[in-house]
Number of protein chains: 2
Amino acid sequence: MYYQPEIETITRSELEKLQVKRLKETINIAIQTPFYSKILKEKNLSADSICSIEDVRKLPFTTKEDLRNNYPFGLVATDMKNVVRLHSSSGTTGNPTVICHSQKDLDNWANRVARCLYMVGVRDTDVFQNTSGYGMFTGGLGFQYGAERLGALTVPAAAGNSLRQIKFITDFGTTTAHAIPSYATRLAEVMTEIGIDPKKDTKLKTLVIGAEPHTDEQRKRIEELLGVKAYNSFGMSEMSGPGVAFECIYQNGLHLWEDCFILEIVDPETLEPVEDGEIGELVLTTLDRDAMPLIRYRTRDLTRIIPGPCPCGRTHRRIDRIKGRSDDMFIVKGVNIFPMQIEKILMQFKELGTNYLITIDTVGNNDEVLVEVELSDLFTDDYSKLQQLTKSITHKLKDEILLTPKVKLVDKGSLPLSEGKAIRVKDLRNNK
Amino acid sequence: MYYQPEIETITRSELEKLQVKRLKETINIAIQTPFYSKILKEKNLSADSICSIEDVRKLPFTTKEDLRNNYPFGLVATDMKNVVRLHSSSGTTGNPTVICHSQKDLDNWANRVARCLYMVGVRDTDVFQNTSGYGMFTGGLGFQYGAERLGALTVPAAAGNSLRQIKFITDFGTTTAHAIPSYATRLAEVMTEIGIDPKKDTKLKTLVIGAEPHTDEQRKRIEELLGVKAYNSFGMSEMSGPGVAFECIYQNGLHLWEDCFILEIVDPETLEPVEDGEIGELVLTTLDRDAMPLIRYRTRDLTRIIPGPCPCGRTHRRIDRIKGRSDDMFIVKGVNIFPMQIEKILMQFKELGTNYLITIDTVGNNDEVLVEVELSDLFTDDYSKLQQLTKSITHKLKDEILLTPKVKLVDKGSLPLSEGKAIRVKDLRNNK
Ligand SMILES: [Zn+2]
Ligand SMILES: [Zn+2]
């Protein structure tokens, strides 16, 4: 059984007690490494410094740079013979980041993933197909071990080859699949092309999507195309992989497993906590890792805590889908703005395409934000309608980012199409 | 500890008792499936028919065709909810073959692979890098689980990207790697290209090679290039994957784990057992599989039992490296001939290249074998030397295949180069 009500619906005060206990244990493990030993001793900190969960804020942050500077094994807190697996990032720039796991770490990780899957109704009678890459990419082995732990019939399809994926789905009666959102859409398209109706000809009912930023509209589209419920999954290799936070059946944000992680959202500039509900950078401390605990790891992912209780009864707080990277944030007139906020608004207009560009520039003594966005194929060139649309977009954007941008509608195809990751923000200010 | 002397050095009589006991259990499990129920009942066979290990010969064979005809789950002997993983072949022609595993099957498999690795000296202090593809290919998850079980630090590098593989090897201090022979050679080449001396700049000491036919010469070359000991591994997805048979440190054939499999070598034509030491088709019966036991599975792989005891003390019999596929066998004048036998001889001549073609034709009332083989770049065109070489090859071939072939030396590049799998045998006889 991978539903543990005593943990998942634990009272906040009991949860905080558990967190304090585990944080102390984590500090005692981490301090075995030269890295944490040094930075904790410099601040005269130890497990004894932690009396309440708020005391986590006394602790120093850990960054991706720290991982790279201590590459590959400088942050391993155990004898290397206890390490049974490592996952390494591709490290396209500089040293890769490497995370090491003990057998117990892998067990805890598999249990967490099993808990996530169980939460959205996956059982030992389900057939779980994983379209992740395997090997170093944690979405492969992470979901493999978790779904096996749950007792589902796992189909380790790995990435690519859509026709083969579809053959597996139909032949093996796949009920649950893990896919990045764009690949889920692709599978639906190929099914249609080859005359397979996802709703009638497959047993698919549950999809796990993650690893790629996407909007709720994309999620709904995937759900409609495939006739499934699609649940958001959040994880990162530094936090082992998948299984950090996951949506429950209410699909109203991702429960972050606070028995395994301490959750903080901080202002990426000041590093101070933001108010509940405000967007900031997700900071996580591992609470159940032996081989390589990480304290206050700056994930660079932007999200917010969704305030209030969840109807499912779980007390672990929910984070919103990832809003982008803290590196993408820009500040105008003292306000933190994230491109994702703007994108979210633009996506609400059917008249608009998906390509947009944000330019920030100094005009006179003021910083101004220009949002250029392409029209969709279908939209009219009726001037008054265009003017009305511009007004409406401007109004909604102001509500979201708290200042009034200049909005410019442009023809489809007139903005630069970047290969790979789109460049969404141009900052032309001198005083930035 | 993954050395179990009570099992690995068990006396033959005790081993046979264990096999009989497990074979009976296996029949009782298999008979739950419509397929085995039908064919066993037709012959009035049950677990009670087995009194000694020789009684295995009463049982019907299982073929790849049987797996395909019962695709995907027709041979599963347990409730599907107990199945936690499947591996499927790529199925380029016809239905793929699918093997289903229970949690216990995966455990047994991981233990077998751990036993193999332990046998050649891999320990929990080792760093094990797996260059197999993951996902459906059993060399990925098979070695992953086995090496993790053993407690080694596993590096799930997966296939491809030689520069990255080499970075992992040097940065993580990889001591043991699993690779197909051609890829091991490739890694050595790339290391040399980028100025890394495998012997000085890496900690590599043990290589596990398999999945691709290769000669002992190739093995020795790999050992010299990389400064390692390279051990042969034999497995196939129908028998779970790697971990079926493995060389010990004496490198004199592969101990096949007879506590987990019943080993038979049969004549592919008559299906009768061959003498110990004679080449024939390997037939295996699983003894520790719950979800999908296979009885007398015709592997199509050609090998022979290496007679006599092994100095390591293990009593499980040794098979020779795979000599080819039984489908490739041809019969001339009542003698079974395998292309691999001919290839093995040709490889011994430095004057020859690697491309050859065997043609069998009826000349008068006789079947004759013509072996055409390309000369290497380096060889002279001195006629008397060519004649002498031809004589010498003919002589050695006769010793091996027991009849005298016609040998024709041809220029490099004059034989057809097939893409993918080379066509080595042309049978032009009418009465074949
Ligand atoms: Zn909930
Ligand atoms: Zn031996």
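Since we're looking at a predicted model, the values are computed, not measured. Labels below follow one simple rule: chain letters A, B, ... track the order of the sequence lines, proteins then strands, and each chain is numbered from 1.
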Look at the side chain of [X] and the backbone N and O of [Y], then say whether any donor-acceptor pair between them is shorter than 3.5 Å.
X: Ser240(B); Y: Met236(B); result: no
X: Glu238(B); Y: Lys64(B); result: no
X: Asp124(B); Y: Ala152(B); result: no

Quiz question: by atom type and distance under 3.5 Å, do the side chains of [X] and [Y] form a donor-acceptor pair?
X: Gln144(A); Y: Thr154(A); answer: yes
X: Arg149(B); Y: Asn111(B); answer: yes
X: Asn82(A); Y: Ser102(A); answer: no

With only heavy atoms counted, which part of [X] is less than 4.5 Å from chain B, the side chain, the backbone, both or neither?
X: Val127(A); result: neither
X: Gln103(A); result: side chain
X: Phe137(A); result: neither
X: Tyr71(A); result: side chain
X: Arg85(A); result: both

Problem - Residue Leu150(B) versus chain A: region with a heavy atom under 4.5 Å - result: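 Neither part; nothing is under 4.5 Å.
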Handout entry: Nearest-0.5 Å distance, CD1 of residue Ile99(A) to CH2 of residue Trp109(A)
Key =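 So the CD1 of Ile99(A) and the CH2 of Trp109(A) are separated by 10.0 Å.
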Practice task
Look at Arg123(B), Glu148(B), His101(B) and state which one has the largest set of heavy-atom pairs under 4.5 Å with chain A.
Solution key: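 Of the candidates given, the most pairs with chain A belong to Glu148(B).
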Chain B interface, residue from [options] that has the most non-hydrogen pairs under 4.5 Å:
options: Lys167(A), His87(A), Met80(A); answer: Lys167(A)
options: Tyr134(A), Phe73(A), Phe172(A); answer: Phe172(A)
options: Leu86(A), Thr125(A), Val83(A); answer: Leu86(A)

